[in-house]
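Numbered from 1 within each chain, the chains take letters A, B, ... in sequence-line order. All figures in this text were calculated on a predicted structure; none of them were measured in a lab.
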Protein chains: 2
Amino acid sequence: MAKEQQTPKFRRAAATVRREALIEATLACLRKYGHDGLSVRRIGAEAGVSPGLITHHFPSVSTLIATAYETLSMSLLHSIEHHAREVDSSPRERLRRFYEAWFAPALLDPGLFNTWLVFWSMISHDAGVRAVHDRTYAAYRAALESLLGQLQRTGGVPAFRLRPAAIALSALLDGLWTEASINPRTFKPAEAVALCEDWTHALCAGAFPSLHPDTGGPSRASGRRQRRPRPQNRRRPVLPIA
Amino acid sequence: MAKEQQTPKFRRAAATVRREALIEATLACLRKYGHDGLSVRRIGAEAGVSPGLITHHFPSVSTLIATAYETLSMSLLHSIEHHAREVDSSPRERLRRFYEAWFAPALLDPGLFNTWLVFWSMISHDAGVRAVHDRTYAAYRAALESLLGQLQRTGGVPAFRLRPAAIALSALLDGLWTEASINPRTFKPAEAVALCEDWTHALCAGAFPSLHPDTGGPSRASGRRQRRPRPQNRRRPVLPIA
DNA sequence: CGCGCTGCTATACGGTTGTACAATAGCAGC
DNA sequence: GCTGCTATTGTACAACCGTATAGCAGCGCG
């Protein structure tokens with residue numbers, strides 16, 4: 001009994017690495033358990049650590065979630081951008097690779113979608129999470145604007161307004177990703193890529209009138225119908241639910 | 001004291017109307033409290049009813065949620081379709097009115113988005129909710145396919161494959177609706193309508209190659225690049241997170 | 001080797017959750 | 001008007017939640 005294998009009850013770690021470990025444990029929990037994963041006890045168990053530690057390292061649990069949100073979001077964006085930039089080829093090709101990365105199997109994990117749902121559902125409650133969303137959404141849009149800007153400088157591509165174009169493309173990507181994550185049987189990832197490629201094609205063909213640079217606002221967006229008499233003055237409520 | 005205003009402690013109701021009232025109370029709770037709204041106590045309080053009643057009328061709380069999901073989803077779809085069909089005009093105009101209804105103020109309520117997040121987050125756990133999603137998504141896609149089919153029969157519009165077109169349009173609508181619900185300041189509803197109108201315009205211009213009727217699958221979707229050598233055999237993981 | 005800083009654990013607390021079940025009472029039918 | 005069916009209530013229960021806090025213990029430093 002002289003040389004007992006007395007394993008230490010816990011190991012100390014620098015605050016930085018412990019915080020990082022907690023963030024990774026949080027992401028693992030959200031991925032595995034979805035909305036039930038953001039519990040100090042569950043995250044602590046995942047990290048092999050006492051529940052009280054997370055409130056010791058983070059002012060509150062929502063701060064931890066917000067940090068995890070920013071970490072994951074930026075990591076994904078960098079991975080996708082890196083994948084798109086890998087081959088040195090035309091902007092059009094880079095955009096296509098961006099789509100491919102967006103619908104790669106790793107991105108279509110249902111656990112990842114559930115993670116995102118948790119982030120989204122916290123936006124309306126927590127100001128920190130909302131700030132992270134605004135930052136990361138801006139970063140995604142900036143990435144798309146960069147790719148689209150390179151595309152615009154390609155010969156034969158008509159000029160278009162970058163910001164609304166990026167908004168539309170981002171929405172298309174998000175919408176396809178959402179449905180693909182919910183029900184993988186609706187369409188194959190390659191179909192999603194093809195639909196995004198179609199969008200690129202239409203953009204290059206100048207088929208999006210409201211994106212023309214001289215189009216100031218959306219009021220003149222439709223172009224042809226200047227007279228919009230707002231026909232039904234008696235506003236029929238679109239949402240009859242109480 | 002002879003004529004006491006003795007209010008009955010509760011009122012009996014037929015099972016049907018009580019279930020309906022509980023469904024409406026559920027929707028109100030989800031709208032107000034988001035994910036914290038699906039508690040028997042909160043729903044019961046909203047309906048002015050004891051918590052035990054909901055487990056008495058519904059086998060479980062997830063069944064109630066699934067029913068509420070289907071009710072709200074179909075109600076919204078019918079409202080939007082009704083709004084689109086109101087004027088008897090061109091298919092193109094009906095499609096535009098569909099977009100307008102989609103981004104009407106009532107649909108951009110943050111509470112509605114939070115409600116949807118709850119539904120979405122239950123899909124991976126509950127088979128009933130998943131079935132409701134599959135049904136309602138199919139209904140939405142069918143509605144879009146109907147509108148797009150009418151558009152296709154218009155003179156001057158090239159033929160296109162209905163199903164992937166509806167999938168793409170649905171994704172665009174959903175993606176724009178999501179971001180508009182999260183952050184109303186990113187773009188105005190009219191801009192979203194304009195971007196959808198752009199999509200319609202491109203479709204009518206035949207600017208979506210993969211939607212051409214002869215295009216069989218997504219493998220030939222990109223059209224031009226037949227040789228796709230899958231360049232990087234060492235698959236760099238897109239998601240480096242553990 | 002031992003001191004001491006502090007990362008970390010363990011527990012307690014008041015609150016919430018879903019489910020179960022016995023008791024109550026509205027109200028319809030006779 | 002009384003009776004009986006059953007919708008409804010109220011409570012009990014065990015499990016979980018986030019936070020606060022007192023004290024243990026790893027481990028660097030002297």
Side-chain angles (χ1 to χ4, degrees), chain A residues 4-26 29-30 32-68 118 121-122 125-129, chain B residues 2 4-26 29-30 32-68 118 121-122 125-126 128-129:
Chain A
E4 268 191 73
Q5 177 71 26
Q6 50 180 353
T7 260
K9 284 189 179 177
F10 60 93
R11 297 176 60 91
R12 304 191 131 207
T16 313
V17 313
R18 184 64 81 185
R19 284 170 56 101
E20 202 168 335
L22 286 177
I23 289 173
E24 280 197 38
T26 301
C29 273
L30 291 181
K32 275 195 265 188
Y33 308 108
H35 212 283
D36 300 335
L38 44 72
S39 129
V40 281
R41 285 166 175 82
R42 226 179 282 256
I43 296 175
E46 176 73 27
V49 132
S50 142
L53 222 184
I54 108 151
T55 63
H56 179 259
H57 276 292
F58 290 90
S60 102
V61 67
S62 40
T63 314
L64 170 60
I65 302 290
T67 314
V118 174
S121 67
M122 289 186 67
H125 301 304
D126 190 89
V129 179
Chain B
E4 269 191 72
Q5 177 71 23
Q6 52 179 352
T7 266
K9 284 189 178 176
F10 60 92
R11 297 175 62 91
R12 300 194 134 205
T16 313
V17 313
R18 184 63 78 186
R19 284 171 56 100
E20 202 167 336
L22 287 176
I23 290 172
E24 279 197 39
T26 302
C29 273
L30 290 182
K32 275 195 267 188
Y33 309 107
H35 211 280
D36 300 335
L38 45 70
S39 129
V40 280
R41 284 166 176 82
R42 226 177 284 254
I43 295 175
E46 177 73 28
V49 132
S50 142
L53 223 185
I54 109 152
T55 63
H56 179 259
H57 277 292
F58 290 89
S60 98
V61 66
S62 42
T63 314
L64 171 59
I65 302 290
T67 314
V118 175
S121 68
M122 290 186 66
H125 301 306
D126 189 90
V129 179

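Across residues 53-68 of chain B, Leu53(B), His56(B), His57(B) each have a non-hydrogen atom less than 4.0 Å from an atom of DNA chain D (numbered order). Only Leu38(B), Ser39(B), Val40(B), Arg41(B), Arg42(B), listed by number, bring a heavy atom of residues 38-49 of chain B to less than 4.0 angstrom from any atom of DNA chain C.
Using Watson-Crick or G-U wobble geometry with both donor-acceptor distances under 3.5 Å, dT24(C) finds its partner in dA7(D). Across the strands present, dC13(C) finds its partner in dG18(D); the criterion is a Watson-Crick or G-U wobble pair with both atom distances under 3.5 angstrom.
Between the NE2 atom of His35(A) and the CE atom of Met122(B) there is a distance of 12.0 Å, given to the nearest 0.5 Å. Here Tyr33(B) contributes atom OH and Ile43(B) contributes atom CD1; the two are 11.5 Å apart, rounded to the nearest 0.5 Å. Between atom CG of residue Asp36(A) and atom NE2 of residue His125(B) there is a gap of 6.0 Å, rounded to the nearest 0.5 Å. We find the OG1-CG distance between Thr26(B) and Leu38(B) to be 9.0 Å, quoted to the nearest 0.5 Å. Atom NE2 in His56(B) sits 7.0 Å away from atom CG in Leu53(B) (nearest 0.5 Å). Expressed to the nearest 0.5 Å, how far SG of Cys29(B) lies from CD of Glu24(B) amounts to 12.0 Å.
What separates CG of Leu22(A) from P of dG18(D) is a distance of 14 Å, to the nearest Å. Distance Arg12(A) CZ to dC29(D) C1': 13 Å, rounded to the nearest Å. Put simply, CZ on Phe10(B) is 16 Å from P on dA23(C), counting in whole angstrom units. Atom pair His35(B):NE2 and dT17(C):P shows a separation of 13 Å (rounding to whole Å applied).
A residue-by-residue look at Lys9(B) and Gly52(B) shows that Gly52(B) has its nearest nucleotide of DNA chain C further toward the 5' end.
Here Ala15(A) lies out of heavy-atom contact (under 4.0 Å) with every strand. Using a 4.0 Å heavy-atom cutoff across all strands shown, Ala13(A) reaches sugar-phosphate atoms only and no base atom.
Two residues are said to be in side-chain contact when any heavy atoms from C-beta on lie closer than 4.5 Å; Val40(B) and Phe58(B) fail this criterion. Side-chain atoms of Val61(B) and Thr55(B), non-hydrogen and from C-beta on, never get closer than 4.5 Å to each other.
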**Request:** For side chain to side chain contact (heavy atoms under 4.5 Å, CB included), just list the numbers for Glu46(A) and Lys32(A), CA-CA rounded to whole Å, side-chain angles, deciding distance to a tenth of an Å, and then say yes or no.
**Result:** CA-CA 10 Å; Glu46(A) 176 73 27; Lys32(A) 275 195 265 188; 3.0 Å; yes
